[in-house]
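See below for the structure under consideration.
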Amino acid sequence: MASQQQQPGGPMSQPGLQQPTSLQQQQQQLSQQQDFDPVHRFKMLIPQLKESLQNLMKIASLNLAHNTSIDNGIKSSDASVQRFDKSLEEFYALCDQLELCLRLAYECLSQSIDSAKHSPNLVPTATKPDTVQTESMSYAQYLGMIKSQISCAKDIHNALLECSKKIAGKGQPQGIM
């Protein structure tokens with residue numbers, strides 16, 4: 001108990017200064033976790049996409065009105081108008097980012113489903129024995145499953161090697177004249 005006492009002037013002596021740093025660290029960690037979450041990133045990009053689309057439509061309508069007035073002879077082409085291609089490029093860039101987020105989310109979901117399919121039951125660990133679930137498997141069952149997966153992987157590896165040798169054998173000339 002004596003080792004947990006606070007030293008005067010130690011880091012815990014000023015709780016007003018310690019809490020904001022830990023709060024800032026928690027917020028930083030949360031934002032970093034959210035940056036890696038493709039669904040959260042997708043949700044964050046949607047308002048930007050809407051704004052970009054609104055800007056694109058506004059610029060398109062202004063350019064259309066400007067070109068119409070030039071065609072009708074009302075205005076000369078001296079007035080500057082915003083560039084449609086730049087706003088269109090910005091819109092497409094956001095669309096590409098959204099597509100990547102969706103592909104990444106789909107890939108994460110596929111990996112999660114495959115993981116649950118090929119290793120459906122949890123193995124209790126020695127550090128957390130209280131989290132043992134009724135459907136968890138014993139360590140011996142887990143080892144058997146892993147050995148069967150390794151055997152399957154070796155069979156696939158050997159089959160691929162055999163096929164590559166056959167393909168390489170067919171590509172070589174039979175005899176040199």
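Values below: every heavy atom of this structure, side chains too, minus hydrogens, waters and symmetry copies. When a residue number appears, it is its place in the shown sequence, counting from 1.
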Rounded to the nearest 0.5 Å, what separation is found between the OG atom of S148 and the CG atom of L143?
-> 11.0 Å
Flag side-chain contact, heavy atom, 4.5 Å: I46 against L98 = yes
Residues in side-chain hydrogen bond (donor to acceptor under 3.5 Å, both in side chains) contact with D85, at least two apart in sequence or another chain | R83
For L102, which residues count as a side-chain contact (heavy atoms from CB on, under 4.5 Å) partner, sequence neighbours excluded?
-> F42
Please set out all donor-acceptor pairs under 3.5 angstrom arising from side-chain atoms of residues 48-56, sequence neighbours excluded.
none

Atom pair CG/CG of N67 and L62 - distance to nearest 0.5 Å = 11.0 Å
Taking every non-hydrogen atom, the tightest pair across Q82 and I59 | OE1-CG1, 2.9 Å
Following the transitive rule for hydrophobic clusters with a side-chain heavy-atom cut-off under 4.5 Å over Ile, Leu, Val, Met, Phe, Trp and Tyr, establish whether L64 and M57 coincide in one cluster.
-> no
Check whether any side-chain N or O of S110 sits under 3.5 Å from a backbone N or O of Y106 as a donor-acceptor pair, and report yes or no.
-> yes
What distance separates S151 OG from I146 CD1, expressed to the nearest 0.5 Å?
-> 12.5 Å
Nearest 0.5 Å, what's the CD1-CD distance between I167 and E162?
-> 11.5 Å
Quick one: pull up CG in D37 and CE in M44 and give me the separation to the nearest 0.5 Å.
-> 11.0 Å
Which residues share a side-chain hydrogen bond (donor to acceptor under 3.5 Å, both in side chains) with Q97, sequence neighbours left out | R41
Qualifying salt bridge (Lys or Arg N to Asp or Glu O under 4.0 Å) pairs with a residue from residues 140-152, counting only residues at least two apart or across chains = none
How many angstroms lie between CG in L161 and NZ in K154, if you round to the nearest 0.5 Å?
-> 13.0 Å
For atom CD of Q141, decide whether the heavy atoms of other residues, nucleotides or ligands shown that lie under 6.0 angstrom number more than 12.
-> yes
With hydrophobic residues grouped by side-chain heavy-atom distances under 4.5 Å, do L45 and Y92 end up in a single group?
-> yes
Only counting residues at least two apart or in another chain, list the ones meeting side-chain hydrogen bond (donor to acceptor under 3.5 Å, both in side chains) with E99.
-> R103
